[in-house]
Amino acid sequence: MATLREILEARVREGDLYEKLERNRVRCYACGHCCPIPEGQPGVCKVRYNQGGTLYVPWGYVGGVQCDPIEKKPFFHAYPGALAYSFGMLGCDLHCGYCQNWVTSQALRDPNAVSSPVQTSPENLVQDAVRQGAKVLVSTYNEPLITSEWAVAVFKEAKAAGLITGFVSNGNGTPQVLEYLRPWVDLYKVDLKSFDDRHYHELGGRIGPILDTIRRLHEMGLWLEIVTLLIPGFNDSEDELQRLTEFLASISVDIPWHVTAFHKDYKMDDPKNTSAAELMRAAQIGRQAGLRYVYAGNLPGQVGELENTHCHNCCEVLIRRHGYLIEDYRISPAGLCPSCNEPIPGRWPAKFDGQIADSPFLPHRRSHLVTILN
Ligand code: SF4
């Protein structure tokens, strides 16, 4: 029986995001590592590799698909109530000990992470998404930057079908990959894990490329939201949270910041789970830094008004939520507060059509997707 590595090495094509170097080496630009890769070797992510001086990249499969309310990504200022069809491949450029998607992200590093790839095409994925009623297609689960060529192929098909597209990413990008994605990605969620370069080293990265990516995404005009998983004892000091939120506010006070609760997962089972009081304290720091839209997630019903969207001008409640469930929606078709007419930053639909689902589910008609590992 073929190993997972052998199966994946057969599902590749030549990448777009690289340059050839002397002695058959290549340099990859899909993520901030910018790996120089000798012939016969993979990059840090293990899924892009150099064979004969050509960079080969993942192609033609998914590691998983699922339909979610867009609020789960989380996007709170983009098409509220829409169904987002999420897909991912395998592998990651970081190795976070608390990863909640470790079965797909660490599939080639950790023998305990067993995930069956499913052969598919961009057309099949988009047809599947449309059949489920999805309005948004999202590349997530593994780090989507390292599989950008596949994401763009899927998104080209998605755009032709009238869908919105999004990335849920660690933000470890490069100028090259962001320019490559720019025409095809509408929404971008960055998981800003810390504001301390030493912490990023523990996770296998550097903070510099991530902060540059956040700045560039905002300048490019993609709709950007930021999430920080609050891990007690790791990234929750007042000083770190203050610097993190002041950085975001210096780019734009209109960037929504989601601070979400850690629960024990994968290799990180030391810290206790994040409490509602700790989330609310972090949110308060974000508000003091000047951010207008701060949300506390993962603990529905326990964080008061921090699940709701308020007008930053008159404080009117514009969207009332319980977890992923939208209980009330009051933003005007033009994206204005109905009380004071202040424009509310975001991507708002011309008409709120209600919510298609308020809980995640697997697409139930997957006949076009065929498992290739058995
Ligand atoms: S995606 Fe990142 S980790 Fe993978 S080969 Fe390219 S630069 Fe290296």
Side-chain angles (χ1 to χ4, degrees), residues 4-5 8-63 87-97 99 101-102 104-110 113 115 117 139-155 167-182 184-185 188 190-193 197 200-214 216-217:
L4 179 58
R5 184 173 302 281
L8 296 186
E9 282 183 357
R11 280 160 182 87
V12 292
R13 61 148 235 202
E14 183 178 359
D16 295 330
L17 291 158
Y18 82 106
E19 66 173 341
K20 292 179 185 278
L21 305 175
E22 75 284 359
R23 286 179 283 117
N24 265 2
R25 291 158 67 243
V26 300
R27 185 178 299 280
C28 174
Y29 291 109
C31 88
H33 290 317
C34 295
C35 298
I37 311 176
E39 184 174 355
Q41 297 297 316
V44 168
C45 60
K46 309 281 188 211
V47 296
R48 299 167 74 92
Y49 63 90
N50 176 354
Q51 192 172 315
T54 297
L55 182 72
Y56 288 92
V57 305
W59 195 259
Y61 76 88
V62 288
F87 66 92
M89 301 185 96
L90 299 177
C92 190
D93 53 330
L94 302 183
H95 47 254
C96 308
C99 183
N101 293 319
W102 65 277
T104 47
S105 71
Q106 303 302 315
L108 287 162
R109 284 201 188 95
D110 187 333
S115 190
S139 184
T140 177
Y141 304 140
N142 75 317
E143 172 47 48
L145 287 167
I146 69 172
T147 47
S148 285
E149 288 91 346
W150 172 248
V152 163
V154 175
F155 288 170
F167 253 36
V168 171
S169 162
N170 62 28
N172 188 25
T174 62
Q176 292 89 337
V177 73
L178 297 181
E179 282 301 327
Y180 182 77
L181 295 170
R182 182 182 201 159
W184 306 108
V185 179
Y188 205 116
V190 173
D191 183 3
L192 182 56
K193 299 167 190 290
D197 200 39
Y200 265 104
H201 275 279
E202 286 174 38
L203 309 177
R206 293 176 297 133
I207 196 170
I210 293 159
L211 302 187
D212 284 348
T213 295
I214 291 172
R216 277 177 199 278
L217 288 167

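Just follow the structure's listing: the first ligand is 1, and inside any ligand the first atom is 1. Computed from a prediction, not measured in an experiment: that's the story for all the values here.
Side-chain polar atoms of Asn170 and Glu143 form a donor-acceptor pair below 3.5 angstrom. No side-chain N or O of Tyr180 forms a donor-acceptor pair with one of Ser148 less than 3.5 Å apart. For the residue pair Tyr29 / Glu19, a side-chain donor-acceptor distance below 3.5 Å is found, with atom types taken as modelled.
Geometric assessment of Arg11 against the ring of Trp59 yields a negative cation-pi assignment under the 6.0 Å and 45° thresholds.
In the vicinity of Cys45, heavy-atom distances shorter than 4.0 Å reach the ligand 1 atoms 1 (S), 3 (S), 4 (Fe), 5 (S). Counting atoms of ligand 1 from 1 in the listed order, those under 4.0 Å from a heavy atom of Cys34 are 7 (S). Per-residue contacts place Cys35 under 4.0 angstrom from the following atoms of ligand 1 (heavy atoms of the residue considered): 3 (S), 5 (S), 7 (S), 8 (Fe). Close approach of ligand 1 to Ala30 (heavy-atom distance below 4.0 Å) involves ligand atoms 1 (S). Atoms of ligand 1 found under 4.0 Å from any heavy atom of His33 (numbered from 1 in listed order, with element): 3 (S).
Under a 4.0 Å heavy-atom criterion, Ile37 is in contact with ligand 1.
Using the six-membered ring where Trp is involved, Phe87 and Phe155 have ring planes that are perpendicular, over 60° apart on the 30 and 60° scheme.
Looking at atom 6 (Fe) of ligand 1, its nearest protein heavy atom turns out to be Cys28 SG, 2.3 Å. Nearest protein heavy-atom neighbour of atom 2 (Fe) of ligand 1: Cys31 SG, 2.3 Å. Looking only at heavy atoms of the protein, atom 5 (S) of ligand 1 is closest to Gly43 CA, 3.6 Å.
Checked for salt-bridge contact, Glu149 and Arg48 meet the test: a charged N lies under 4.0 Å from a carboxylate O.
Within the 3.5 Å criterion, the main-chain N or O of Cys92 finds no donor-acceptor partner in the side chain of Asn142.
Of the heavy atoms in Val47, none comes closer than 4.0 Å to ligand 1. The residue Pro42 has no part lying near ligand 1, judged by heavy-atom distances below 4.0 Å.
From Cys31, atom SG reaches atom CG of Leu94 across 7.5 Å, with rounding to the nearest 0.5 Å.
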